[in-house]
Structure formats: C-alpha cells, structure tokens
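Single-structure report; data block below.
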Amino acid sequence: MSAELSAPASGGRTPTVIRVLVLATFVVILNETIMINAIPRLMEDLAITDRAAQWVSTAFMLTMAAVIPTTGWFLQRVSTRHAYAAAMGVFLAGTALSAVAPSFAVLLLGRVVQAFGTAVMMPLLMTTLMTVVPEQDRGRVMGNVTLAISVAPAMGPVISGAVLQIGSWRWLFVLVLPIAGIIAWLGLRQLENVGEPQAGQIDVSSVALAALGFGGLVFGLSRFESGNLTGPALIVAAGSALIAAFVWRQLRLQRTGTPLLDLRVLLSGTYAKALILMSVAFMAMLGSMILLPLYLQNLRGLSPLATGLLVMPGGLAMGLLGPTVGRLFDRLGGRLLVIPGSIGIAASLAGFTQISMTMPYWQLLALHILLMVSLAAAFTPVFTLGLGALPQQLYSHGSSMLGTLQQVAAAFGTALVVTVMSAHATTRAAEGADLVTAHLDGMRLAFLVSAALALLVIVMAVLLPGRAAAPAEAEEFETATPELAKH
C-alpha cells in the first residue's frame, strides 16, 4: 500500500484515488439516464414497440440488481486497479457495442454489458472512500461524491434531449465512448491499490440465487405497469422466494467465512436504519422522477428537452449542495441535517399532490428544488453514518447491499406509483371523469402515496444517531458469525 493511501490525508485534501473514481462514476451514472429521451427515436429507427423500447432502461436496471450483490465478494478478491480496469473495460465494450448496434437485440446486449461495468463502480467508490478517508473528513468527501452522483442523473435527460435535437440516438454512445476511454486511461495511470486482496472461492449457487432472485424481483415489479397484476405478482413471489433461499445460503456459508454477501452488516442498528431510510427515500424519489415527466409531457405538453431543463436546476442544486452538506455533517453530525431533510422530502411530495393544469411552472420548479435539496441534506449523512458504523472488512458488503436495495427500491417505487396512478385514473374515467381529469387525479393519488412513504423516512431519521460508533460495534461483528449461522 502506498504511503499516501496508508495514511490518508485530512485537512481538506481529497485523495487522488477518490477523485479518479468519482470522475469515472459520474460518467457511468450519466449513461444510466441518458437514454430516457431516446425511446421515441428508437421505436422509429428500429421498428419496435414502446414496451420493447423501454427495455433499454429495464434491462440495465435488471442487470444492476442481479450483479451488485456479487460486488462485495468481488471487491475483496481483486486489487483496486484490477476492479477499476474490469469495470471501465466492460463499460467501454458495452458502449461501443451499443453505438454500432445493427439491431435492437444487439443494442439491448450492449446495455446489459454496460450495466455490468456500472454495477461495480459505485460499490468500488464507496468501499475505497470509507477505507482511505479518515472519519473526520468523510462527510466532506462524501459530499463531493454526492455532487457527482446527483448531477449525473439530472444532466442525462438534458444532454440526450439536446443531442437528439441534432443527431441520431447513436451519438449518445459515440460521445460517451472517448470521454470514458480517456478517464479509464487517466485512472489506470494514477490509481493505486487500496488494501490487500483476500483469497476465497465463489459460491456458484449463491450467484445464481442472487441473480435470479433480485433480477426476478425487479423484473416482476417493472411489469406491474402493464395492467395485468397476476403475472407480475407471481414473478415477484418467485423472486422473493429465491431471495429467501439466497439469505439462507449466506447464513450457512457464514460458518466458513466465505458468503457472497455478508449479512452481518445488518447486525449494526445504525446501518440497518440507514438502509431502510435510503431505500424508502429512493422509492419516493424515483416515484416522483417518473410522475413529473409524465405530467409535464403528457398533460402539459412540454417537449422532452423542456422537461429536462425544468428539472435540471433541482438536480444541480442537490449536487452543488453536496460538499456543503458534507462539511456541515463533519462539524454538526447527522441528525441536524437528516431530520430537516426528511421533513422537506415529505413536504415537497405533499406539495406535488396539488398539481393541476394551471399550476405555474415556477411552483413546480420550487417544489422540485425543495425535494432535491432535502434529499441532498439526507443522503450524504445517511451514506456516511450507515457505512461508518461497519468495521472496515465489511465496507464492500455494506456498499453492495446498499446498491442492491437501491435498485429494488427504484423498481418498487416506480411500480407502486404507476400502478396507483393507472388504477385510480381508470376508476375515475369509469365514473365519468374526462381523460385529463382522470389522469390528474391518478397522479395526485400517486404523489400522495409517495408523501406517505416519506413519513417513514422521517421516523428513521429521528432514530438515527448523530455519529456512527464503529469501533464499539466491530467487536460485535467478530463474535456474531457463529450465532448468526445457527439460524
């Protein structure tokens, strides 16, 4: 281990390894949302239906849900440089394949390959950050990470809207390819290894159970919007059963110390509360991210580019506030940020329940900015508190579980609001309401459900401590393995 990384710098300097990983993560996350506005163009160019075209996003999300549970094991078995090279190499291959795809099937394959690389980057960034950054500086550095991972999704639809105004959807990949290539090259020149890889065999049955279980759950949730509830419900039930089998398998493997996903992370009360808060907040956030464009484009008649520009200030505000929130966390602790942030999330979603055909755009903009700023106040401290409550050997597993549940929460939040909106709109139309009124009522009820979810975020925020106490909890983890494996 290098001198720089074995004695991490404090006093305002972010280690080079973190800067490199943040830059790479920004690019791969930007790519995750950059296809949102390309659906109509794909339908026209590749002669596919809208449901088929949605798979460019659904397949990405499914792959992420299936792969992320394995990253905790993977990151403990390879060096930082090898993990980075693998993630960026796979991402570049998927991007190149997508750019030249002669058919929709090849494009879909390219998106799946991209997702494999993307799935590794966020756990790699979080694990490395928690390893090389001292506790007193974690809030500040995590705030810089928040800037990257918040601005990227906000910029994706705007960039794609602008590119699609003047060129083909292929340019969305052609433009990303050289940027990602340069970042990969710079990263491999500057990146140094953090920690030492550990030996260990991978449990094939755990990989299969994780992929089928989490992938099946996300797939089933994504199908609820089709209106037929029986099929998706059966897929969700099957996925849940496989996840239960995956959990049982990990508890058995705990005896040998080689689980694919180490469930001892859940023994930390602080981490468990942070996990619940992040998952529910993601549900509420993703629900609103689906509903707002539907409202602005389908009911208010805005173009995809105009919609992207309207929601961009909120995403930028969230990202730009990240470093400030991080510094405040280092000075004041988490509760003074997370509790007001969670209240702001609930308040903004409650405000969206009042949408109408005449609501001024400035009010929509203000509500969206309030939502994004409140999420910024919550996410940075919760990430830091949750992972900081774990001993160092479990950072990679904690990051992997957090990433996995984010994908599941995103799928669940999307399925929930779309199902609620569609069902209520259908009911209102059957009662004689006109089509616009029926859809508005459906969206209002869906926002109300998201606001109700946000109340649980407030409860978890109140229960979280101001600071994580990792050293005291570390002993509990060391003695928990035999007891956990008995169950």
Side-chain angles (χ1 to χ4, degrees), residues 63-80 82-83 86-87 116 119-128 130-131 194-218 239-276 278-279 386-409 470 473-487:
T63 306
M64 293 273 284
V67 173
I68 289 177
T70 68
T71 58
W73 181 92
F74 175 72
L75 293 177
Q76 287 188 331
R77 300 306 186 274
V78 299
S79 68
T80 309
H82 285 159
F116 267 91
V120 175
M121 284 307 304
M122 181 57 72
L124 175 62
L125 169 60
M126 291 298 181
T127 301
T128 307
M130 297 301 296
T131 302
V194 177
E196 296 294 332
Q198 303 172 12
Q201 297 295 317
I202 192 166
D203 183 61
V204 177
S205 61
S206 292
V207 174
L209 287 171
L212 294 173
F214 289 106
L217 180 60
V218 170
S240 300
L242 289 169
I243 291 172
F246 172 77
V247 170
W248 176 84
R249 180 65 179 163
Q250 301 321 293
L251 294 177
R252 298 283 294 176
L253 289 173
Q254 205 75 60
R255 294 176 178 176
T256 63
T258 57
L260 186 68
L261 186 62
D262 199 321
L263 299 180
R264 286 179 299 170
V265 294
L266 297 176
L267 293 172
S268 165
T270 298
Y271 176 82
K273 292 167 191 170
L275 197 66
I276 295 171
M278 290 295 298
S279 298
L387 292 176
L390 301 175
Q392 182 173 333
Q393 70 269 22
L394 293 181
Y395 285 158
S396 62
H397 291 278
S399 299
S400 298
M401 183 168 288
L402 196 59
T404 301
L405 287 190
Q406 281 179 3
Q407 295 301 313
V408 173
E473 295 184 3
E475 297 177 7
E476 180 184 356
F477 287 102
E478 294 302 323
T479 59
T481 300
E483 187 65 29
L484 193 62
K486 290 178 184 177
H487 294 80

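All values below come from the heavy atoms of this structure, side chains included, with hydrogens, waters and symmetry mates left out. It should be emphasised that the depicted structure is a prediction, and the values quoted were computed from it without experimental measurement.
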What are the two closest heavy atoms between [X] and [Y], and how far apart are they?
{"X": "S206", "Y": "L253", "result": "OG-CD1, 3.5 Å"}
{"X": "A83", "Y": "V120", "result": "O-CG1, 4.2 Å"}
{"X": "D262", "Y": "H397", "result": "N-ND1, 3.0 Å"}
{"X": "A389", "Y": "S268", "result": "CB-OG, 3.4 Å"}
{"X": "S400", "Y": "T71", "result": "OG-OG1, 2.7 Å"}
{"X": "L390", "Y": "Y395", "result": "O-CE2, 3.2 Å"}

So, using side chain to side chain donor-acceptor pair (under 3.5 Å) as the criterion, who are the partners of S205 when residues are at least two apart?
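Testing S205 for side chain to side chain donor-acceptor pair (under 3.5 Å), a comparison that skips the adjacent residues, returns D203, R249.
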
Pairing residues for L275 by the side-chain contact (heavy atoms from CB on, under 4.5 Å) criterion, not counting sequence neighbours:
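side-chain contact (heavy atoms from CB on, under 4.5 Å) list for L275, sorted by chain: L266, Y271, M401, L402, L405.
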
Taking Q250 for its side chain and L261 for its backbone only, find out whether a donor-acceptor pair lies under 3.5 Å.
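Between the backbone of L261 and the side chain of Q250 there is a qualifying donor-acceptor contact (under 3.5 Å).
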
Within this structure, what is the CZ-CG distance for the pair F246 and L263, rounded to the nearest 0.5 Å?
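With rounding to 0.5 Å, CZ (F246) is 7.0 Å from CG (L263).
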
Distance in Å, I243 CD1 paired with L212 CG, rounded so as to fall on 0.5 Å steps
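Taking CD1 in I243 and CG in L212, the distance rounds to 10.5 Å.
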
Check residues 63-70 and write down every donor-acceptor pair under 3.5 Å in which the side-chain atom is one partner and the other belongs to a residue at least two apart or another chain.
{"residue": "T63", "atom": "OG1", "partner": "A59", "partner atom": "O", "Å": "2.8"}
{"residue": "T70", "atom": "OG1", "partner": "V67", "partner atom": "O", "Å": "2.6"}

Run V247 and L209 through side chain to side chain contact (heavy atoms under 4.5 Å, CB included) and show every step you take.
CA-CA 9 Å; V247 170; L209 287 171; over 6 Å; no

